[in-house]
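The sequence lines fix the lettering, A, B, ..., with proteins before strands; numbering per chain opens at 1. Owing to the predicted nature of the structure, the values given are computational and were not obtained by experimental measurement.
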Amino acid sequence: MEKISNFNGVGVPFRYSNVDTDQIIPAIYLKRIAKTGYEDGLFSTLRQDPDFVLNQPEYKNAQVLVAGSDFGTGSSREHAVWALRDYGFKAVFSPKFADIFRSNCGKQGVIAGVISNADTVKLWEKMESEPGIELEVDLPSQVVRCGELEINFDIDEYTKWRLSEGLDDIGITLQNEDKIEEFESRRAAWRPKTLPVKGD
Amino acid sequence: MAEKLTLAEKLWRDHLVVKGEDGAPDLIYIDLHLIHEVTSPQAFDGLRLEGRDIRRRDLTIATEDHNTPTKDIHLPIAEPTSAKQVQALRDNTEEYGVRIHSLGDKNQGIVHVVGPQLGLTMPGITVVCGDSHTSTHGAFGALAMGIGTSEVEHVLATQTLPLAPFKTMAINVEGSLRPGVSAKDIILAIIAKIGTGGGQGYVLEYRGSAIRELSMEGRMTICNMSIEAGARAGMVAPDQITFDYLKGRPHAPEGKDWDEAMEYWKTLQTDEGAEFDKEIYIDADELDPFVTWGTNPGQGVSLLGEVPSPDSFDLASDQESAEKALQYMDLVPGTKMKDIRVDTVFLGSCTNSRIEDLRAAANLVKGKKLAEGLTMMVVPGSQKVRIEAESEGLDKIFKDFGAEWRFAGCSACLGMNPDKVGEFKRAASTSNRNFVGRQGKNARTHLVSPVVAAATAIRGTLSAPSDLED
């Protein structure tokens, strides 16, 4: 994963709350077996409307999505993050994220930053008054800047550290392989095993 | 004196491999990893790219469910992308030596029906799957949660997951359900009460006399939809009903192992005096059958009620989302829920496709005819359920009624296989999500219990079983 520190990118005022992952990418796009190329599925239903915000030329190279509350609810599909990432988004801000979605973002180098409801509205208004304005996302100091606005965002320390260092979770875990082995050596015999196959 | 712990905290303690320091998450051991074709191909690719092997193939099991057709299953899968995804699972499991139950196999079915029926799901274990409805397995007193594809790869490679500790929420459901009211109504009422984000960051523990009275099937229905309240996991403490359900299943412990397990399982209750971070209360005596009117599972109401007006909500965002939902659902505020006519009824999904669900619906439709102009599809959760239902003659009851009797799979719960609700058609569905487009493009979903689905199929409008007595 690439290391992330500061970046500037066009922001999108995404005035929707309760956006489930079925809306971010419908199930029909989940049939692929590749890990990239999901940008065409992003918000595919909403994008059929010519007035939809992402269809406006000002937001063509958008990199920062500012959404309403309860973003990424529902299905665990990591494809939702892949679609955002492949479309070019490097950060999403919302007052509230669904747990699995937020965790999936952290694995794919996408910042999921929590901001207050009031700050969300301020950002929307600023971006709508100057469509296509760039936001500066400053991960080390957990601040997003837009014009005169300077807004703090929350992200858990561990995810921030991993994103900043571009670290792979599996690699980090395997540093503790001896502890996993030790745990397994005490695992009770009654605990489930799928092999050998039992029953008919 | 020992620390007072909740059930979820006990399981966390007993699966802790490494305690995280300085803000790092804890490393938690995973007892059982379930896999299906949709969220696993990229995980296997990841392993391949890094030259990593599966750490514990003996704790891993795969089944095909999301993409699989539910009729003509002897033919090759017609849709090329579905066929490719299923084939990728078959190739991956063969290459890595993972047990798989493929279409046609008698243990094939929805992953959350297959695990419990094989006796792999048991109290006191951790279960994960790349599917948000993994919370189902919490019904056994297991800590079970849905994960993303990167996490699937992580579990394949390490049999562990780095997880930040959760908060705990007790959902106390006291009293007794009235006739015609079931587990599905309890969970729909809970979600309507706490909202689709209300459980976020929590593990839910369902407690109280109404939960204790439920069968394992009912408990699975409730835990299944924990994710619809935003919680990653939901659980019920194991009791004699749990042990009786498990005993004798193919992979349940036997002999000395069973005794040892029982000794541990009996400790799996929240300690007297342990504190939850949050508690909520539901009065089971007062519950009516519950149905959704909108486009998220929190937009539900008593079946005796009416379609709400957007103005009745306090928050502007809720008003806006209600307006959009009503437009999509083509509903007018003030309409009585029971006056809403449906086009189709779907009985199935990981929420309500177990034998008890089929029996309850069959019991109502027996000897009756499907309402004029309606279609109905009955999709058992697994091939085992299908075989059991057929041995009891349920297939014949449904077919005589006018419903289609299908093979096992996720079916019309999500638009990934040939089973869909038609465009602008209205469905009474026993599934778990009424999202925009979930059951097919422009399909309108009302989430209901199996008995409400059956009564609706008979009358043609959303109906309670008690309406059949008139």
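- Taking OG1 of Thr160(B) as the start and CG of Asn176(A) as the end, the distance is 8.5 Å to the nearest 0.5 Å.
- Counting heavy-atom pairs closer than 4.5 Å to chain B, the top residue among Gly199(A), Ala27(A), Gly74(A) is Gly74(A).
- With respect to Arg191(A) and Glu260(B), no salt bridge is recorded, no charged nitrogen being found less than 4.0 Å from a carboxylate O.
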Checking salt bridge (Lys or Arg N to Asp or Glu O under 4.0 Å) for the pair Arg55(B)/Glu184(A): CA distance, chi angles, key distance, verdict?
-> CA-CA 11 Å; Arg55(B) 183 175 181 85; Glu184(A) 285 176 330; 2.9 Å; yes
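- A donor-acceptor contact closer than 3.5 angstrom links the side chains of Asn18(A) and Thr196(B).
- Looking at Lys420(B), there are no atoms closer than 4.5 Å to chain A (heavy atoms on both sides), in backbone or side chain.
- Heavy atoms of Met416(B) lying under 4.5 Å from chain A belong to its backbone as well as its side chain.
- Closest of all the heavy-atom pairs between Arg57(B) and Thr194(A) is O-OG1, 3.3 Å.
- Salt bridge annotation for Arg438(B)-Asp22(A): present, with a cationic side-chain nitrogen under 4.0 angstrom from a carboxylate oxygen.
- Panel note: side chain Glu78(A), backbone Thr149(B); a donor-acceptor pair is recorded below 3.5 Å.
- Of all heavy-atom pairs between Ile33(A) and Ala88(B), the closest is CG2-CB, 4.0 Å.
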Walk me through it: do Thr60(B) and Leu195(A) pass the test side chain to side chain contact (heavy atoms under 4.5 Å, CB included)?
-> CA-CA 8 Å; Thr60(B) 313; Leu195(A) 295 172; over 6 Å; no
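- Residues Glu320(B) and Tyr16(A) have side chains not in contact (no heavy-atom distance under 4.5 Å, counting atoms from C-beta outward).
- Heavy atoms of Asp22(B) lying under 4.5 Å from chain A are absent altogether.
- Smallest separation of non-hydrogen atoms from Ala34(A) and Gln42(B): O-NE2, 2.8 Å.
- With a 4.5 angstrom heavy-atom cutoff, Pro25(B) touches chain A via backbone and side-chain atoms both.
- The pair Asp168(A)-Arg52(B) counts as a salt bridge, with a side-chain nitrogen and a carboxylate oxygen less than 4.0 angstrom apart.
- The candidate from Pro26(A), Ser103(A), Ser17(A) with the greatest count of non-hydrogen atom pairs under 4.5 Å with chain B is Ser103(A).
- In this structure, chain A has a heavy atom under 4.5 Å from the side chain of Lys324(B), while its backbone stays farther away.
- Contact annotation for His133(B): neither backbone nor side-chain heavy atoms come within less than 4.5 Å of a heavy atom of chain A.
- In this structure, the side chains of Leu27(B) and Thr173(A) come closer than 4.5 Å at one or more pairs of heavy atoms.
- Comparing Leu30(A), Asn104(A), Asp70(A) by how many heavy-atom pairs each has under 4.5 Å with chain B, the most go to Leu30(A).
- Side-chain atoms of Lys31(A) never come within 3.5 Å of backbone atoms of Gln85(B) as a donor-acceptor pair (strictly under, hydrogens ignored).
- Contact record, Lys35(A) with Gly46(B): NZ-CA, 4.4 Å, taken as the closest heavy-atom pair.
- Proximity to chain A (any heavy atom under 4.5 Å) is shown, for Leu118(B), by neither the backbone nor the side chain.
- Heavy-atom distances place the side chain of Glu79(B), and not its backbone, under 4.5 Å from chain A.
- Between Ile100(A) and Ile227(B), the closest side-chain pair of non-hydrogen atoms falls below 4.5 Å.
- The part of Gln108(A) that comes within reach of chain B is its side chain, from C-beta onward, which places non-hydrogen atoms under 4.5 angstrom from that chain.
- Scanning all heavy atoms of the two residues, the minimum distance from Trp190(A) to Asp257(B) falls at CB-O, 3.4 Å.
- With a threshold of 4.5 angstrom between heavy atoms, Leu59(B) approaches chain A through its backbone and through its side chain.
- In this structure the side chain of Lys107(A) never reaches within 4.5 angstrom of the side chain of Glu153(B), judged on heavy atoms.
- Between Ser132(B) and Arg77(A) the shortest side-chain heavy-atom distance does not fall below 4.5 Å.
- Between chain B and the residues Val197(A), Leu174(A), Thr73(A), the most heavy-atom pairs under 4.5 angstrom are made by Val197(A).
- There is no contact between Phe44(B) and chain A, counting heavy-atom distances below 4.5 Å.
- Two residues are said to be in side-chain contact when any heavy atoms from C-beta on lie closer than 4.5 Å; Glu50(B) and Ile170(A) fail this criterion.
- With a 4.5 angstrom heavy-atom cutoff, Leu161(B) does not touch chain A via any of its atoms.
- Using a 4.5 Å cut-off between heavy atoms, Arg249(B) makes no contact with chain A at all.
- Using a 4.5 Å cut-off between heavy atoms, Asp31(B) touches chain A through backbone and side chain atoms alike.
- Side-chain atoms of His251(B) never come within 3.5 Å of backbone atoms of Pro192(A) as a donor-acceptor pair (strictly under, hydrogens ignored).
- Interface residue Phe97(A): only backbone heavy atoms are found under 4.5 Å from chain B.
- Both the backbone and the side chain of Ser75(A) come within contact range of chain B, judged by heavy atoms closer than 4.5 Å.
- With a 4.5 Å cut-off on side-chain heavy atoms, His15(B) and Arg187(A) do not count as touching.
- If you measure heavy-atom distances from Ile125(B) to chain A, the contacts under 4.5 Å come from both the backbone and the side chain.
- In this structure a side-chain-to-backbone donor-acceptor pair under 3.5 Å is missing from Asp58(B) to Lys193(A).
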